[in-house]
Amino acid sequence: MLQQTPVVRVLPVYLRWMERWPTPDALAADSPGDAVRAWDRLGYPRRALRLHAAATAITVDHGGTVPDSVETLLTLPGVGEYTARAIAAFAFGARTPVIDTNVRRVLSRVERGVDSIREPATAADRRELETLLPAEPAVAARFSAAVMELGALVCSAANPRCADCPLADRCAWHLAGHPAAVARRAVQTWHGTDRQVRGRMMALVRADHGAVARALLLAVTDDAVQATRSLDSLVADGLLVTVDGGRAYALPD
DNA sequence: CATCCGTGGGC
DNA sequence: TGCCCAAGGAT
């Protein structure tokens, strides 16, 4: 849930989710469509599908127990380098570098004196952070959580609060006078994109506990070609299934 | 490896 | 108002 979504928005959904599905096998026992609906408006609903698939894999392949090694966690749907290491460190106390967007920004600023441009962490980043990790695994996990919090609350992207930062007097970026990033990764456009259209369609289906007519879904945009393409892609992604001979669409069973 | 994939709050 | 960005991952 936290992949690309702020903590404050995740929290209420997470609490309801864990009350309904306290264990992987509980989630796996319900339909992927139930997961997508409970996901509500967290965005990127494919994550709900993957979380359900991960719960199924844990139930079927791992006896219902969440794997504790980074290597095995990486085999789960929707679990990449960040999530695998976050689980290993925070749930199981492993000593492994955890690099999210916050840690990457702090590392880049403090150690290299350069503002990061919101790129994914590399193996080189993990090696660098590894040299800074405390030796004791439990301390290393706390260190990672602390750096993430520092990045989220103090060393933020737009308006860093350097006056409140415990690392300000040893931060290369701060000491260099906050040099601007060399190149900023282009922000993806939003208006008129398939993502926007898909989002409108999914909102309609989430709000309706039955099936939604194809014509109603296609009406979310004037662009008929885009509407068809977007609806087809939702089916291809497994987020929707056709009902009533293709005249309507519903969440997957 | 570049691109795609939602949603909403802050400024 | 419009732009930026947020505990990334899959293809």
Side-chain angles (χ1 to χ4, degrees), chain A residues 1-14 36-37 39-54 57 70 73-91 96-107 115-123 125-126 129 141-161 180-181 183-207 220-221 226 229-240:
Chain A
M1 288 178 178
L2 291 165
Q3 293 167 359
Q4 294 280 275
T5 305
V7 176
V8 290
R9 202 180 312 158
V10 163
L11 199 51
V13 180
Y14 168 77
V36 172
R37 180 167 280 118
W39 197 259
D40 199 26
R41 284 147 62 161
L42 287 182
Y44 293 141
R46 291 192 297 191
R47 295 181 298 167
L49 231 40
R50 290 177 184 139
L51 181 54
H52 183 274
V70 170
L73 286 163
L74 283 172
T75 68
L76 298 175
V79 177
E81 290 288 352
Y82 160 72
T83 304
R85 294 171 193 282
I87 294 170
F90 302 142
T96 183
V98 181
I99 307 187
D100 72 332
T101 187
N102 294 304
V103 174
R104 188 171 197 287
R105 183 173 54 250
V106 172
L107 192 62
D115 209 355
S116 69
I117 56 172
R118 207 162 157 267
E119 286 178 324
T122 64
D125 293 329
R126 284 190 289 278
L129 184 59
R142 178 169 295 200
F143 170 89
S144 294
V147 178
M148 288 174 70
E149 286 298 297
L150 185 71
L153 304 178
V154 177
C155 190
S156 45
N159 298 91
R161 298 164 46 195
R184 187 159 293 280
R185 189 164 77 160
V187 174
Q188 294 167 347
T189 55
W190 173 248
H191 287 288
T193 61
D194 288 7
R195 271 198 295 170
Q196 188 177 33
V197 171
R198 286 164 53 107
R200 288 182 192 148
M201 290 176 172
M202 289 303 296
L204 286 178
V205 180
R206 273 199 313 269
V220 302
T221 173
Q226 182 180 41
R229 180 176 66 232
S230 298
L231 186 52
D232 287 348
S233 74
L234 288 172
V235 174
D237 286 349
L239 284 164
L240 294 180

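Each chain gets a letter, A, B and so on, in the order the sequences are listed, and its residues count up from 1.
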Around atom CZ of A:R195, are there more than 12 heavy atoms from other residues, nucleotides or ligands closer than 6.0 Å? yes
In whole Å, what separates the P atom of C:dA7 from that of B:dT3? 24 Å
Round to the nearest Å and state the distance from A:L2 atom CG to C:dG9 atom C1'. 14 Å
Got a sec, which residues hit side chain to side chain donor-acceptor pair (under 3.5 Å) with A:R104, two or more places apart in sequence or on another chain? A:D125
Could you tell me how far apart A:N102 (CG) and C:dA6 (P) are, to the nearest whole angstrom? 7 Å
Residue pair A:G151/A:P77 against DNA chain C: nearer the 5' end by closest nucleotide is A:G151
Round to a whole Å and report the spacing from CG of A:D115 to C1' of C:dC4. 13 Å
Euclidean distance for P, B:dG6 against C:dT11 (whole angstrom): 14 Å
Which whole-number value in Å describes the distance from A:L231 CG to B:dC5 P? 14 Å
C:dC4 C1' sits how many Å from A:I117 CD1, rounded? 15 Å
Nearest-Å distance, CD1 (A:I87) to P (C:dG8)? 13 Å
Are any of A:T101's side-chain N or O atoms less than 4.0 Å away from OP1 or OP2 of C:dA6? yes
Nucleotides 6-11 of chain B: protein proximity per nucleotide (B base, S sugar-phosphate only, - neither; heavy atom, under 4.0 Å): BBB---
Of all heavy-atom pairs between A:F90 and A:A141, which one has the smallest distance, and what is that distance? CE2-O, 3.3 Å
Does A:V103 reach a base, just sugar-phosphate, or nothing at all? Heavy atoms under 4.0 Å. nothing
For residues A:T5 and A:R47, is any side-chain donor paired with an opposing acceptor at under 3.5 Å? yes
Give a yes or no answer on whether the side chain of A:E81 reaches the backbone of A:A121 with a donor-acceptor pair at less than 3.5 Å. no
Indicate yes or no for a side-chain donor-acceptor contact from A:R37 to the backbone of A:R206 under 3.5 Å, with no hydrogens or angles considered. yes
Examine distances only and state if a side-chain atom of A:Q196 and a backbone atom of A:G192 form a donor-acceptor pair shorter than 3.5 Å. yes
Contact class for A:R105 (heavy atom, under 4.0 Å): base, sugar-phosphate, or nothing? sugar-phosphate
Using whole Å, report how far CG of A:L150 lies from P of C:dA6. 14 Å
Any base atoms under 4.0 Å from A:T83, or only sugar-phosphate, or nothing? Heavy atoms, all strands. sugar-phosphate
Between P on C:dG8 and CZ on A:R85, what's the gap in Å once rounded to a whole number? 15 Å
